[in-house]
Trainee: 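Sending over a structure as structure tokens; questions will come in a sec.
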Number of protein chains: 2
Amino acid sequence: MMAAVNRKNAAPTIRAVASEAGVSVATVSAVINQTRFVSAETARRVNEAIKRSGYRPNRLARGLSTRETKTIGIVMPTILSPIAPLLLKSAADVLHEHGYAVLFSNTEMQTTWEEQAIELMFDSQVDGLLVVPASETLESLKLFSDARKPVVLLLHGLEGASGCDVIRSGNFRGSFDAVNHLIGQGARRIAVLALPLVSESEKDRMNGFRTGVLAAGRTLDPELMRVGAPSESGASEDHGYRETLRLMDLDDPPDAIFAMNQYMAIGSLSALKELGLRIPTDVALVGYDDLIWTKNLEPPMSVVAQQVELIGRMGATRLVHRLAENNHHSPAESVTVDTQLIIRASSNRDALTPSIDMENTPK
Amino acid sequence: MMAAVNRKNAAPTIRAVASEAGVSVATVSAVINQTRFVSAETARRVNEAIKRSGYRPNRLARGLSTRETKTIGIVMPTILSPIAPLLLKSAADVLHEHGYAVLFSNTEMQTTWEEQAIELMFDSQVDGLLVVPASETLESLKLFSDARKPVVLLLHGLEGASGCDVIRSGNFRGSFDAVNHLIGQGARRIAVLALPLVSESEKDRMNGFRTGVLAAGRTLDPELMRVGAPSESGASEDHGYRETLRLMDLDDPPDAIFAMNQYMAIGSLSALKELGLRIPTDVALVGYDDLIWTKNLEPPMSVVAQQVELIGRMGATRLVHRLAENNHHSPAESVTVDTQLIIRASSNRDALTPSIDMENTPK
DNA sequence: TTGTACGCGTTATCAT
DNA sequence: ATGATAACGCGTACAA
């Protein structure tokens, strides 16, 4: 009978390599992880055995033993939002560069699933977590704080998650700047198409808007504030379209519209054009997020742009550092990444004198 | 002295639960996995102990023992392509519904990294793999076939991967239909802006174009075939812009352009408008992939649309079924999901009589 | 410089 | 109906 070494078709284990090379498993482990000195000759034999057998270390077993999986979880409410792919990519790139695998979960805005996704990642023993929170609060994050595993929040904070690092996007300031810009362009009545005020981001955007209006000595007209758009892109666009028609049907319609996501902005644009209104002369328009095609619209649209890539990179980097330095105890850090107001024709009354629109011309 | 059960701050193990409930670990395991009968009373005690201790099964340990991780890997060349997010979402949704975790890797078009990513997933003991191949061949997939682990290819096949299921997109037919449509609109000289011919998708698209032209009794003019665009969106757009300017500068310029990705199509559109050409009268234009904003361009753009969501769902479903039925040996399946030609104003000369463009009007 | 043996947290195979 | 205990594949004290 043969030793229990060669179960048919099973992947070779470290033990198989050890016996193949005529050394102990400790030695094999040592040469793989460079964890202690091994004589050149022994190392050579081991490496040869590894190559011959096609041995590959089992990350599960390693993780079980070391209590480190070199895996981090990323959970976001929807990968279909226009900025999500870049956020995922920039974060994942950094993580991959540092040898981490990425466990991903799209929670599709479902509160319960968001919790479950986080639990799933915890159970998978991820070393840390990157979260774009959708809910107002996340019970399951307690699992991570109890286990002293680092969590970094992206885009906005979360109630009761004071222990987490947060890489915020400057939503308040972004809206505030947009309103100021519109006022500077002579807008008297500014309408807003806002998202449902659930997460910090949306609240901040709305507060920025309010503050901007009030700070300019204007009053807030509830009729001009349409809160609560569907999140799905097509539905959101329809919403922007319809609400704009209603707004322009008011006795005293707005002469500027600030849409807090880009799909609503597009719908709004369609409606304005359909009504035969001149943009920005009759109504100035500012949207949110600078997507690749935003500048190709007619007219090119002004937007509040978030530095999505930077946010993703910073979040991942923060996590990697915490993990590397066993930096689990230093106080949570909070950073806000500024937004940038990009002014294009849709809101630029100053530039109405015929001129070349540089933005619309590829280099 | 106390038993080695309560290492400070360590997560409770199945052993802790067992002793807490006064039963053996086998019993605890049994109630968790419903793997054998347990008396109601015992089960109650166990469940209580689980709840009290906050015990959560360790998926690593479970995977090590069962050789099933309930995790599948998804690797794609870039999440920034316009169709990638939907592909990821639709696949991940199906997988999540079936209790699978998703290990994700963006390989950013790097051939070596693509291999490494697949190896990483293999080492992580994923149960199966979903791949959008970027390279012409993938050595590392051999790891999976050797281990009899299922792999499903998405969007297009791969040389030497005959063992894998493939959910193809109908690229050949898509291009073929586009050309036929343009010819039907009276186009005499059709130019093409093609992607680098590396993966099967791009080759198929190009072949569809060639076949369409030849089948109509026309000849292929190399001057009208511009192959090799950058993959990054902005660069791709610039490329489309520049190549279009050159095309229109020919002695005998084209009267129709087929752009094989949507960014090139946008660049092309910019160039045509800048040249003061009428679309589709002077030049008809057809792009690829129906993005949310494609219909909002001026004029709304015709495209070859891929059924991305369906492809993602089918791929994930196929994988889940193979896993569920231990269906690892049935022959590889190959399916092609049809593309759909969506005709809009940019190529529709028939509809040039003034009329309402329904597509451009939200419901 | 290298080897032995135990632990990581489960599941699964025997017994009982 | 339940309990002991051997895998699973690896890292790592502790020995030698």
Trainee: Let's see if you can work this out: which of C:dG9, D:dG3, D:dC10 has an atom nearest to the side-chain heavy atoms of B:R15?
Mentor: C:dG9
Trainee: Please tell me which of the listed nucleotides, D:dA1, D:dG9, C:dG3, lies nearest to the side chain of A:A61?
Mentor: D:dG9
Trainee: Taking A:L129 as the fixed residue, which of A:L143, A:V151, A:V152 is the one that meets the side chain to side chain contact (heavy atoms under 4.5 Å, CB included) rule?
Mentor: A:V151
Trainee: Taking all non-hydrogen atoms of both residues into account, name the closest pair between A:N106 and A:I79 and its distance.
Mentor: ND2-N, 2.7 Å
Trainee: Restricting to nitrogen or oxygen on both sides, can you table the protein-nucleotides 12-16 of chain C pairs closer than 3.5 Å?
Mentor:
none

Trainee: List the atom pairs, donor and acceptor, that lie under 3.5 Å between side-chain atoms in residues 95-102 of chain A and the rest of the protein, sequence neighbours left out.
Mentor:
{"unit_1": "A:H96", "atom_1": "ND1", "unit_2": "A:A92", "atom_2": "O", "d": "3.3"}
{"unit_1": "A:H98", "atom_1": "ND1", "unit_2": "A:V94", "atom_2": "O", "d": "2.9"}

Trainee: Give me the one residue out of B:L103, B:I72, B:T71 that meets side chain to side chain contact (heavy atoms under 4.5 Å, CB included) with B:M121.
Mentor: B:L103
Trainee: Can you check whether B:V126's main-chain N or O pairs, donor with acceptor, with B:K149's side chain at less than 3.5 Å?
Mentor: yes
Trainee: Whole Å only: how far is the CD1 atom of A:I32 from the P atom of D:dG11?
Mentor: 6 Å
Trainee: How close or far is atom P of C:dT4 from atom CD1 of A:I14, stated in whole angstroms?
Mentor: 14 Å
Trainee: Pick one: which of A:S53, A:S29, A:P57 meets side chain to side chain contact (heavy atoms under 4.5 Å, CB included) with A:V17?
Mentor: A:S53
Trainee: Please determine which of A:L120, A:V75, A:I118 meets the side chain to side chain contact (heavy atoms under 4.5 Å, CB included) test together with A:S140.
Mentor: A:I118
Trainee: Could you tell me whether a side-chain N or O of B:R62 sits under 3.5 Å from a main-chain N or O of B:R67, the two making a donor and an acceptor?
Mentor: no
Trainee: Could you note down all residue pairs passing salt bridge (Lys or Arg N to Asp or Glu O under 4.0 Å) where residues 17-30 of chain A supplies at least one of them, sequence neighbours left out?
Mentor: A:E20-A:R52
Trainee: For the residue pair B:F122 and B:F144, categorise the inter-ring angle as parallel (less than 30°), tilted (30 to 60°) or perpendicular (more than 60°).
Mentor: perpendicular
Trainee: Over the length of the helix from C:dT1-D:dA16 to C:dT16-D:dA1, how much do the five-pair end axes diverge, rounded to 10 degrees?
Mentor: 40°
Trainee: Take the protein atom CG of B:L60 and the nucleotide atom C1' of C:dT10, then report the distance between them rounded to whole Å.
Mentor: 10 Å
Trainee: Can you figure out which of C:dT1, D:dA1, C:dG3 approaches the side chain of B:S39 most closely?
Mentor: D:dA1
Trainee: Under 4.0 Å between a side-chain N/O of A:S24 and OP1 or OP2 of C:dG3, yes or no?
Mentor: yes
Trainee: When the distance from CD of A:Q34 to C1' of D:dT12 is rounded to whole Å, what number comes out?
Mentor: 17 Å
Trainee: For B:R59, answer base if it contacts any base atom (sugar-phosphate contacts may also be present), sugar-phosphate if it contacts only those atoms, and nothing otherwise; contact means non-hydrogen atoms under 4.0 Å.
Mentor: nothing
Trainee: Just to confirm, is there a sub-4.0 Å distance from OP1 or OP2 of C:dT11 to any side-chain nitrogen or oxygen of B:R62?
Mentor: yes
Trainee: Kindly point out which of D:dG9, D:dA1, C:dT2 is positioned nearest to the side chain of A:N58?
Mentor: D:dG9
Trainee: In residues 40-56 of chain B, what residues come within less than 4.0 Å of DNA chain C, judged by heavy atoms?
Mentor: B:Y55, B:R56
Trainee: Ignoring hydrogens, what is the shortest heavy-atom contact between B:S201 and B:H156? Give both atom names and the distance.
Mentor: OG-ND1, 2.5 Å
Trainee: Rounded to whole angstrom units, what separation is found between the CG atom of B:L64 and the P atom of D:dC10?
Mentor: 9 Å
Trainee: Measuring to OP1 and OP2 of C:dT2, would you say a side-chain N or O of A:T27 lies under 4.0 angstrom away?
Mentor: no
Trainee: What pairs with A:Q116 under side chain to side chain donor-acceptor pair (under 3.5 Å), at least two apart in sequence or on another chain?
Mentor: none
